[in-house]
Structure formats: C-alpha cells, structure tokens
> 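Submitted below is the structure of interest, expressed as structure tokens.
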Amino acid sequence: MEKTFHPADIESRWYQEWETQGYFAPAGGDKAYSIMIPPPNVTGSLHMGHGFQEAIMDALIRYHRMLGYNTLWQVGTDHAGIATQMVVERQLEAEGLSRHDLGRERFVDKVWEWKEQSGGTITQQLRRLGSSLDWSRERFTMDPGLSAAVQEVFIRLYREGLIYRGQRLVNWDPALHTAISDLEVISEEEKGFLWHFRYPLAGGEGYVTVATTRPETMLGDTAIAVHPEDERFAHYIGRHVMLPLAEREIPVIGDEYVDREFGSGVVKITPAHDFNDYEVGRRHGLAMINIFDDDAQISDAAPQAYRGLDRFEARKRVVADMEALGLLEKVEDHSLKVPRGDRSGVVIEPYLTDQWYVDARKLAGPAIAAVENGDISFVPRQWENTYFAWMRDIQDWCISRQLWWGHRIPAWYDEAGNIYVGADEASVRAEHAIDAATELRQDEDVLDTWFSSALWTFSTLGWPQETPELKTFHPSSVLVTGFDIIFFWVARMIMMTLHLRDEVPFHTVYVHGLVRDAEGQKMSKSKGNVLDPIDLIDGIDLETLVQKRTAGMMQPQLAKKIDKATRRQFPEGIASYGTDALRFTYYSLASTGRDIKFDIGRIEGYRNFCNKIWNAARYVLMNCQDQDCGAGGEVTLGLADRWIIGRLDATSIEVARHIQDYRFDLASQALYEFIWNEYCDWYLELSKPVLWDEAAGDAEKRGTRRTLVQVLEAWLRMLHPLMPFITEEIWQSVAPLAGVSGATIMLQPWPLADGERHDPDAAQAIDWLQSVIVGIRTIRAEMNIPPSREIDVLLRGGDEQDEKRLAENSQYLKKLTKLARVSWLSEGNETPAAATALAGDLEILVPMAGLIDKDAEIARLEKEIGKLRSDLSRIQGKLENASFVDRAPPEVVAKEREKRQSQEQALSTLQEQLARIRTI
RNA sequence: AGGACUAUAGCUCAGUUGGUUAGAGCGCUACCUUGACAUGGUAGAGGUCCCCAGUUCGAAUCUGGGUAGUCCUACCA
C-alpha cells in the first residue's frame, strides 16, 4: 500500500466492477426496501444539491442492502419540458432558425437527438458519486411505458371529471409562449411607479382619479371600482366614466375588494389581465377585453393607435397620451411585486386562454388525510405544516403547456369544438362513432412535466400493469427530497398515487436542507457561485474553474465580478478530494437545518480522515499479513482488545440509531470519533506494546492481531454505506485475514450489534489507563519535557483497584508515555519533590530532579487549585440551598455530594503538594 | 399581511425527556519528523449559549415579549 491515499484510481475500478457484476439490482429477501430517485433533468448536469441528495439515498440503500433487505434504488430522469425545449430552441437560434421553421415533428426529432447526445452526462456523474442505482431498470418519463401510463391517467381522470378544460386566466409566459403553473412564477419586489389617471365622468362634470402600476392595461378596462362604503366615492356607483384613449363608457361599480387607503381609493378593473380584476369582473358580469396577443403585444381589441406595440412600449405611449390630454394627475415612486417566469425571467402576463386543469381540491382530501393519520410522515416533522397549509388552500392545477416537447394531450376536437378524449384518433372515432368525413384535430399542447413526475413511484414499476415489481417495491420506503419541491412534486405524487392506486407512494418523506455556498448564498449559475461535485472529486485548476463559471454569461460585467470572486475564494483552484471525502462531508452537514453552507474547509478534513483510515489499515496489514491472526491456536484477549470490541459494538448501535433517525451528521460523527479517536489514537497504540514486546506470549499476540483485523473488518462494513470506495479497497485485503470471504463488501452484512460484548471491566481499565497517561502527558507538555526523554513516575494514594490496574497496564503505560520506571510510593516513604497530576484519587508524581522548574510547577498547581476552588464553591452553593436538597431528585443530590467529596479530596491533595514544593 | 425557521467558540455546526465543569471539526498557540499516517502526534488557549422578563430547587434547553436575519404563502390596483 502507498503511504498516502489516492482515491482516483480505485474509484472507477470498483464502480465498474460493482455495476458489471450486477450488485446494484435487488437480490431477493423477505423484506423490501425501495427508494425512487427524484428524477433529474435528462439533459442536465450534476450540482451540489444532487450530490448531497444522492449521497443520502445511497447511504440508506447500501445500509439496507447490507441488512439483507430486498433493495431497489430506482433510477431515471425526466424530460424537463420547458428547460429542454429552450436549450434546443437556443441552438436553432444560433443557426438562425426557429422551431416553426422545422415544424413540430422535425423539432421533436431534434430534441430527441439532443437528449441522446447530452442525456448521458448526468447518469455518468451519478456513477462518479458511487450511487448504487439499479441501472438495469433505468427509466425516462418520455419512454413508451411511462408515456402510456401518463396517457392512461389523463384519460381516466378526464372520464372521472377530475380533469377538465376551461377558459381562465393563466400565468402566460410571453417569451416561451406557454402557460405555466403558479408555482413556476417567482414574484419579487421591484421598483416601479404608481400613475394617477383622471377618467372623466360620462355626464361631463369632473372626473374620477384611478391609480395604476400598469397603465397599458387601461385599454382593456371594463369598469372602475370603489368601496361601497367609501363616502367620497360611493355616490358614483351606477354612473359611468368615459375611458380615455379607448373612448368607451364604462360603469363605476362598488366592490369590497377595493382598499380605500391605497392609491386614490379608486381601482380600474381589467378583468382579462389581472387575477383580482377577473374575480371582480365575474361578480359583476363585466366584459373581458383581451388587449394582448401571445407575444404580449397590443392586439386588435385595442384602439388602432396602439396595435402591435410591445406592452412596455404601449405603457410609454399611454402615459404620454394621457399626459397630453391633461389626464395624468401625478406619478409616484412605488415598489411592487413583479411576477417573472422562473425559466425565462420575463414578466408573466395574466392571460385569458383555454387550458386543461386538474381538479386538485378533490384529490387533496385523501392526500391530507394520509399525512394526518400517519400513513405518510415527514422528517423533520415540521414540514407537515408546510404541506397542510398548501394542501388546504390548493388551487386547480393547470397542466397544459404550449410546448412541443412533452406528452401530447390525448384530446381531439371536431369543427364544432367538441372534445373527445381517448388513446388515439382511431379509438376516439370508434368510441364516438365519428365517420372519416368529420375532421378531427388533436390538441396541440403537451402536459406539464410534473404531471408525469407525479406518477413516478408506480409508473417506473410497470403500472398500469400489475407487475411483480409493483407488488414488491410499492409503496416505496422513503422519498428523499428538498423542501423546495414539496408542492411541485411531493404533494402531487401523494394525490395522484392515492387516487390511482389507493395506496401511498412512500411511507416517509425525508426533507433535507438546500446546499448553499460558504456565504450562505443560493448556488446559481447567474451568480457564478456554483460548484460541480465532480470538481471536488477530481480537483480543478483555477483558470479552468474561472472559465467554467463565466462561460455563456449573458452580462459580461457579471463575468468580471465572478472572475474576481472565484480567484479570491479559490486562489489555488480546488484540490482533488475523492468521492468518499465528498460524501462524508455531505453526511456531516446533514443535520435538521434548512440551509447547508458548504465550506471547502470541511471536505479537506474528511480527505485527511480518508488518509487516516488508509494508514490505519496499512499498519494493521503490516503487522498481520503473513502472521497468525488467531485463525487457529489459542488466543488471549487483553484489556485493550476487550475494550475496543465493546466500543465497536457501542458505535454500531449508535450509528444504526442515527441512520434510523436520518441524522447522518450524527452517524458520520460517531464513526469519525470511533475510528480516529478510539481505534487509531488508542487501540493501535495499545497494540504496539503487545506486538513489539519480545516477552509477550504468542496467544496474547494472536489475540491482538485477531482483534486488530476483526475490528477493522467490522468497522469497514459499518462505514461502507457512507464511504463505499475506500472501504471496499481495504476490505479486499483485510477480510481474508479476519476469516471473512466474499466478492465484495457491498453484499456483506452490516455489523449490527446487540451490546452483549460490552465489557465494563475492560472499559474501566482503559479509562483508568487513559487518565493516567493524559496526566503524565500534561505534565510533560506543560513542563516542556522533551517527548524523547525517558522519565520516572511515582504513584501514590489510590486503592487496591488502582494497584491492580497498574499491574495490568504498566507495559502500556511505559510505552505510551515513554517511562523508564513506574513504581508505587508506599505510605511513610519520603515524597520527592515532584510535579503532580490526579487521576481520581490517584496521585501521579513526576520527580523534579533536573526536569522540572519549580516556579512553573507552582504556577501550574495554582491554576489547577483555582479551577477546583471555583468549581467547589458552585457545588457548595447548590448543596447549601435547602430547597435544592429537598426538591431535586435524590440521585441528583447524591451526585452533587459525590462531586463535592472528590473535588475536596483533589483540592487538598494539590494544596499539600503546593505547600511541599514551596518549601524546596 | 399571515406563517415558519434560525440566533451556541474566530468560522461551520452538534447539544435527546430541563440536572453541564456547554461539545466536535476547521482555524489559532507551543512543542515534536518516535519504526501506519506532517493529509500526522501531544498539550493548550478560546463561549454574557442574541436581549429582557417569567416558570422551576435548577434554564443553552420550557413560556411570554423584544431584536436581528432567512425563507414560504398571499397580495394593494
């Protein structure tokens, strides 16, 4: 083995081996465990959020697989309708073409080509993370099977009246030319203006002032509204005003929706272009004038002068024209929430169109109940509130998208506009007895990508066929996801699955935090603060990183900023840390918080941890290979052996509990502490005195070697779900020595412990040894005694137990603290001038002769005594408080008394010692 | 506007049912290349647990109020 750990060469080797051997596929077993991957965008690439999420799922999957479950991790991708279509359209644009130049069929072919070309990127990256996904069952939302499921669901829900077509206001993206759901609209505060316009009263005497943030929409006004109880304006209700520019008379209506305090207290009503106005319009039976076309340019429904103008151009013209007419009263600065499309970034228009909807209200009932009654539970629990809040106020879901890439809606129209829903044109004709002479036209639209994702847990398993896989693996065990898609996906999956299968899609929803950069900023391409997990695994030099982050920027000045920030944050680029270190970093950050700040410092620490593991294994192999490791022959286990075996089991119990609770931060910490602070720091050191002592017996040496390899082999298995590669690589060499055979660590049992090997006697002995060693080391360090210098140590006080411990442990003690001699100072013997440390009642004396500076030791003792005194007075205060002694539980009081006793003892010992030193 | 969450060491974070002398990693200081590992070892320094009140024998932990920050939902034209 090499002296330092180099992850690169072992990772690809092992992944390939696992995959080709088919180890990722379900292998049978009584109990099933399954996770459906949240399908990433097929043409996308891996980001830190994916990395985090996949790491957690892989740990769960590997853990359960090793526990013997019939384990499936279903892999697949979704077709990401809008995002993918946009990419391909942009490519066409570069050739000066639009999708309309190609036509629907050829365009869709192009998208498939793009999918073939780029679709492998993310799946290759998933492999780099070590994800043990069952690739043999890979699915894609546009596959024939899944497409059939989508169609089946659409038809079924339509027939049940749960899908309907209607004309409503939708969120219209004028750049992408499609409706989007309200979840895909991001509203943010932006600076704007509030224009006050005068609308002349139809009678000719005076005017009414309305305030608006969107002057251009006045061309579509069909009323103005005041609050019915507003004394200033109520008398206008029922009268009319002349709408300027359009030269139409519109009524003044009274509606409680109007806020008297805001603006002028009078609102213009534009039912076709505002969600609130739409409702007002419906209440009052107002006309709806649609003044825009699909590009959000002014349509023919508006006065001639404005037709064909872009909405923002029209705004300028309207304001200018109103001003020219003397009808512009004033303009105020005003900040308002502007809705923008999350993909296109352009301002979204409320727009009146025909769309398909899912009646979400009906589906929501059972979906709420499933969480209320515990069929599904969220971890952490608080997310259930988020879920309920949304579900109880759910809006119908607009599922049609005016795109070409996606599942085309299986609906046909005849000339009269009748709707026929069915699997294909022929079956529609047959069902409704429509002869060939009647022309039928299929709906042009496709379904929202989330519609197909909502079926993911069962469509991937072969539904609508009742496959064996469906029976075995559905409902899935747990869904691992971020809170940002609870509405988009989680809620919709629950609704759809309950309705169509009458069972939940998963029993648990584990909601993890979102990965942010070191400053807590959301990682986004436009901010240029994204990190590619692969770059953390392989490393990347500064120039390449800068280039990667600034490539394809829309605004060059932004590129400069990102360039600078990147150079500041990663002056040396990023080192290569390997997959295991990256994964372990993710786990260590997976607490219950909502944000996960990714600090590059953390991963370096875990890279070092990998190296520690590597070298610990190196030590074990060097001492055990070609040696008798206890396979045959008599074996004696020493205290250290018995202790570490007990600690191993305790760690196993702890780790299992934390995984059960989805606390990967605690699980990873427990492993880290056991491996580094107990196995490496103590046990390996304690093994040396035995293995390197000529006098030690063969049975004893065999016992130590056996413990070394068996404990190592066990914790490799324990660690494997978190660090798959390094554990496999080392396990291959260690397992035979431990008497374990098998092709791969992946399929070995996880070392579940029951605590029976806990050995209190050994634990106490090692505890004793550790405190004596630490006491001696502290004196050495604080007295500046060189580590290389051998010293003598005297022990005093203590009881028989201490004497026994010393007898058992003196070799350990001598070796680990470099002692020439350790001996017992019996009663009555003259105590030499010495530096002192305490281990319980036991005094540890390091004679000063030539080693120890008197003043330094006095200072040290005074400091110790000071600490003890303040501690004692605190305890004393407690115990003198009558109500504490009376009311606190007796065991707590007893504990305080014990503490006082031992502290007093320690204090008097140190005080005596101080006095003695002072006399020298 | 409503709701949620967060506030603990210089930084990133743990802290179970209140019983703590408040922990870890990174960073920092000193010493050490000893035969697994300097991606290392040993020993240290470092905290008004955001503030104020309350409950309690006892509060980082529970309750109320405040401050600061983050987010979600709904929005006033």
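Values below: all heavy atoms of this structure, side chains included; hydrogens, waters and symmetry mates excluded. In what follows, every chain begins at residue 1, and chains take the letters A, B, ... in the order their sequences are listed.
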> What residues, two or more places apart in sequence or in another chain, satisfy side chain to side chain contact (heavy atoms under 4.5 Å, CB included) together with Q669(A)?
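Here the qualifying residues are L666(A), E673(A).
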
> Could you tell me how far G2(B) sits from C75(B) if I compare only their C1' atoms? Round to whole Å.
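That atom pair is separated by 11 Å.
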
> Are D599(A) and R602(A) close enough for a salt bridge, meaning some N to O gap below 4.0 Å?
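Between R602(A) and D599(A) there is no salt bridge, as every charged N stays at least 4.0 Å from the carboxylate O atoms.
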
> Can you tell me the base-pairing partner of A43(B)? Count Watson-Crick or G-U wobble geometry only, both distances below 3.5 Å, and say none if there is no partner.
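Answer to the pairing question: U29(B), which forms a Watson-Crick or G-U pair with A43(B).
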
> May I ask you to say what F598(A) touches in the nucleic acid, namely base, sugar-phosphate or nothing, with a heavy-atom cut-off under 4.0 Å?
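No contact at all - F598(A) keeps every heavy atom at 4.0 Å or more from the nucleic acid.
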
> Given that both distances must come in under 3.5 Å, which nucleotide forms a Watson-Crick or G-U wobble pair with A22(B)?
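In the structure as shown, A22(B) has no Watson-Crick or wobble partner.
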
> Could you tell me whether F664(A) and H658(A) have their ring centroids closer than 6.0 angstrom?
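So the answer is no for these two rings.
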
> Apply side-chain hydrogen bond (donor to acceptor under 3.5 Å, both in side chains) to H273(A) and E349(A), showing your working.
CA-CA 7 Å; H273(A) 297 290; E349(A) 273 313 321; 4.5 Å; no

> Check the distance between U34(B)'s C1' and I785(A)'s CD1 and give it to me in whole angstrom.
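Spelled out: CD1 on I785(A) to C1' on U34(B) is 17 Å.
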
> Taking any strand in view, what nucleotide pairs with U34(B) in a Watson-Crick or G-U wobble way, both distances under 3.5 Å?
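Pairing partner: none.
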
> If each of T386(A) and F262(A) is mapped to the nucleotide of RNA chain B with the nearest heavy atom, which maps nearer the 5' terminus, i.e. the 5' end?
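The residue whose closest nucleotide sits nearer the 5' end is T386(A).
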
> Between A36(B), C71(B), A77(B), which nucleotide gets closest to the side-chain atoms of R594(A)?
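The answer is C71(B).
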
> What nucleotide, of G35(B), A36(B), A14(B), holds the atom closest to the side chain of Y619(A)?
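Ranking G35(B), A36(B), A14(B) by closest atom to the Y619(A) side chain puts A36(B) first.
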
> If the C1' atom of A60(B) is compared with that of U48(B), how far apart are they to the nearest Å?
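Here A60(B) and U48(B) have their C1' atoms 12 Å from each other.
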
> Using a 4.0 Å heavy-atom cut-off, does A616(A) contact any base of the nucleic acid, only the sugar-phosphate backbone, or nothing at all?
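A616(A): base contact, heavy atoms under 4.0 Å.
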
> Expressed as a whole number of angstroms, how long is the span from L708(A):CG to A36(B):P?
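One finds 12 Å between P of A36(B) and CG of L708(A), rounded.
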
> OP1 or OP2 of A77(B) sitting under 4.0 Å from any side-chain N/O of K268(A)?
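So the side-chain polar atoms of K268(A) never come under 4.0 Å of the phosphate oxygens OP1 or OP2 of A77(B).
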
> Of the listed nucleotides (C75(B), U70(B), A36(B)), which one gets closest to any side-chain atom of K337(A)?
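Nearest to the side chain of K337(A) among the choices is C75(B).
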
> C1' atom, G25(B) versus U8(B): distance in rounded Å?
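Nearest-Å result for G25(B) against U8(B) at atom C1': 15 Å.
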
> When you compare G66(B) with G3(B), how far apart are their P atoms, in angstrom units rounded to a whole number?
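One P to the other, the span is 12 Å.
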
> Under 4.0 Å between a side-chain nitrogen and a carboxylate oxygen: does that hold for R657(A) and E654(A)?
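Result for this pair is no, no salt bridge flagged.
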
> Which protein N or O atoms sit under 3.5 Å from an N or O of nucleotides 42-48 of chain B?
none

> Is the distance between the ring centroids of Y672(A) and Y606(A) under 6.0 Å?
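Between Y672(A) and Y606(A), the centre distance is under 6.0 Å.
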
> Distances under 3.5 Å only, N/O to N/O: pair up the protein atoms with those of nucleotides 55-64 of chain B.
from: C57(B); atom 1: OP1; to: R887(A); atom 2: NE; distance (Å): 2.5
from: C57(B); atom 1: OP1; to: R887(A); atom 2: NH1; distance (Å): 2.7
from: C57(B); atom 1: OP1; to: R887(A); atom 2: NH2; distance (Å): 2.5
from: C57(B); atom 1: O4'; to: S883(A); atom 2: O; distance (Å): 3.4
from: C57(B); atom 1: O4'; to: S883(A); atom 2: OG; distance (Å): 3.4
from: C57(B); atom 1: O2'; to: N881(A); atom 2: ND2; distance (Å): 3.2

> Taking the side chain of R607(A) as its heavy atoms from C-beta onward, which of A24(B), U39(B), A77(B) lies nearest to it?
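So the nucleotide nearest the side chain must be U39(B).
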
> Looking at E898(A) and R900(A), is any side-chain nitrogen of the basic one under 4.0 Å from a carboxylate oxygen of the acidic one?
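Here R900(A) does not pair with E898(A) in a salt bridge, since their nearest N and O are not under 4.0 Å apart.
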
> Report yes if the side chains of D255(A) and H284(A) come closer than 4.5 Å at any heavy-atom pair, otherwise no.
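Of all side-chain heavy-atom pairs linking H284(A) with D255(A), at least one is under 4.5 Å.
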
> Roughly how many Å apart are A7(B) and C49(B), using the P atom of each and rounding to a whole number?
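So the two P atoms sit 14 Å from each other.
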
> Just checking C680(A): base, sugar-phosphate only, or nothing, at a heavy-atom cut-off of under 4.0 Å?
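The answer is base, as C680(A) lies within the cut-off (heavy atoms under 4.0 Å) of a base atom.
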
> Looking only at the side chain of N611(A) (C-beta and beyond, no hydrogens), which of the listed nucleotides A77(B), U39(B), C5(B) gets closest?
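The answer is U39(B), which lies nearest to the side chain.
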
> What's W692(A) touching, base or sugar-phosphate or nothing? Going by heavy atoms closer than 4.0 Å.
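Contact class for W692(A): base.
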
> Considering every strand and a 4.0 Å limit on heavy-atom distances, what is the contact class for H334(A): base, sugar-phosphate, or nothing?
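Sugar-phosphate, no base atom in range.
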
> Base, sugar-phosphate or nothing for L666(A)? Non-hydrogen atoms, less than 4.0 Å.
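Sugar-phosphate only.
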
> Applying a 3.5 Å limit to both distances, which nucleotide forms a Watson-Crick or G-U wobble pair with A4(B)?
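Matched A4(B) with U70(B) under the 3.5 Å cut-off.
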
> Using a heavy-atom cut-off of 4.0 Å across all strands, would you classify L194(A) as base, sugar-phosphate, or nothing?
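Nothing: the residue L194(A), judged by heavy atoms under 4.0 Å, touches no strand.
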
> Classify the nucleic acid contact of K3(A) as base, sugar-phosphate or nothing, counting any heavy atom under 4.0 Å across all strands shown.
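Here K3(A) touches the backbone only, sparing every base.
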
> Closest nucleotide of RNA chain B for S187(A) versus for T592(A): which of these residues is on the 5' side?
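With S187(A) and T592(A) compared, the 5'-side residue is T592(A).
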
> Are any of the side-chain nitrogens in R516(A) or D595(A) under 4.0 Å away from the carboxylate oxygens of its partner?
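Yes, this pair counts.
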
> Given the side-chain rings of F262(A) and H227(A), with only the six-membered ring counted for Trp, is the space between their centroids under 6.0 Å?
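Not under 6.0 Å, so no.
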
> Using the side-chain heavy atoms of R874(A), tell me which of these nucleotides is nearest: G35(B), G19(B), U21(B).
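The listed nucleotide nearest to R874(A)'s side chain is U21(B).
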
> What is the separation between atom NZ on K818(A) and atom P on C31(B), rounded to the nearest whole Å?
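Atom NZ in K818(A) sits about 20 Å away from atom P in C31(B).
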
> Describe the nucleic acid contact of R657(A) in one word from base, sugar-phosphate, nothing, applying a heavy-atom distance below 4.0 Å.
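Contact class for R657(A): none.
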
> Between the side-chain atoms of E685(A) and the base atoms of A36(B), is any donor-acceptor pair under 3.5 Å?
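Yes, a donor-acceptor pair under 3.5 Å.
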
> Are any protein N/O atoms closer than 3.5 Å to N/O atoms in nucleotides 25-29 of chain B? If there are, list each pair with its distance.
none

> Under 4.0 angstrom, heavy atoms only, what part of the nucleic acid is K612(A) near: base, sugar-phosphate, or nothing?
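Base contact - K612(A) has a heavy atom under 4.0 Å of at least one base atom.
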
> Tell me the interatomic distance from R705(A), atom CZ, to A36(B), atom P, rounded to whole angstroms.
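The distance from CZ of R705(A) to P of A36(B) comes to 15 Å, rounded to the nearest Å.
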
> Answer yes if the ring centres of F378(A) and W383(A) are under 6.0 angstrom apart, and no otherwise.
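They do not qualify: ring centres at least 6.0 Å apart.
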
> Sorted by first residue and then second, give each salt bridge (Lys or Arg N to Asp or Glu O under 4.0 Å) pair with at least one member in residues 876-892 of chain A; sequence neighbours left out.
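Passing the test, one end in residues 876-892 of chain A: K878(A)-E896(A).
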
> Determine the interatomic distance between P on A59(B) and the same-named atom on C52(B); round to the nearest Å.
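The answer is 14 Å between these two P atoms.
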
> Verify the contact: side-chain N or O of K895(A) to OP1 or OP2 of U20(B), cut-off strictly under 4.0 Å; return yes or no.
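It does, given that an N or O in the side chain of K895(A) lies less than 4.0 Å from OP1 or OP2 of U20(B).
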
> How close or far is atom P of C72(B) from atom CD1 of I485(A), stated in whole angstroms?
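These atoms are roughly 15 Å apart.
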
> Hey, what do you get for OG1 (T836(A)) to CZ (R860(A)), rounding to the nearest 0.5 Å?
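Nearest 0.5 Å value for the OG1-CZ distance: 7.0 Å.
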
> By the definition side-chain contact (heavy atoms from CB on, under 4.5 Å), identify the one residue from L328(A), V241(A), T209(A) that meets it with R198(A).
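The single option meeting the side-chain contact (heavy atoms from CB on, under 4.5 Å) with R198(A) is T209(A).
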
> With sequence neighbours excluded, what pairs up with R381(A) under the salt bridge (Lys or Arg N to Asp or Glu O under 4.0 Å) test?
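E384(A).
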
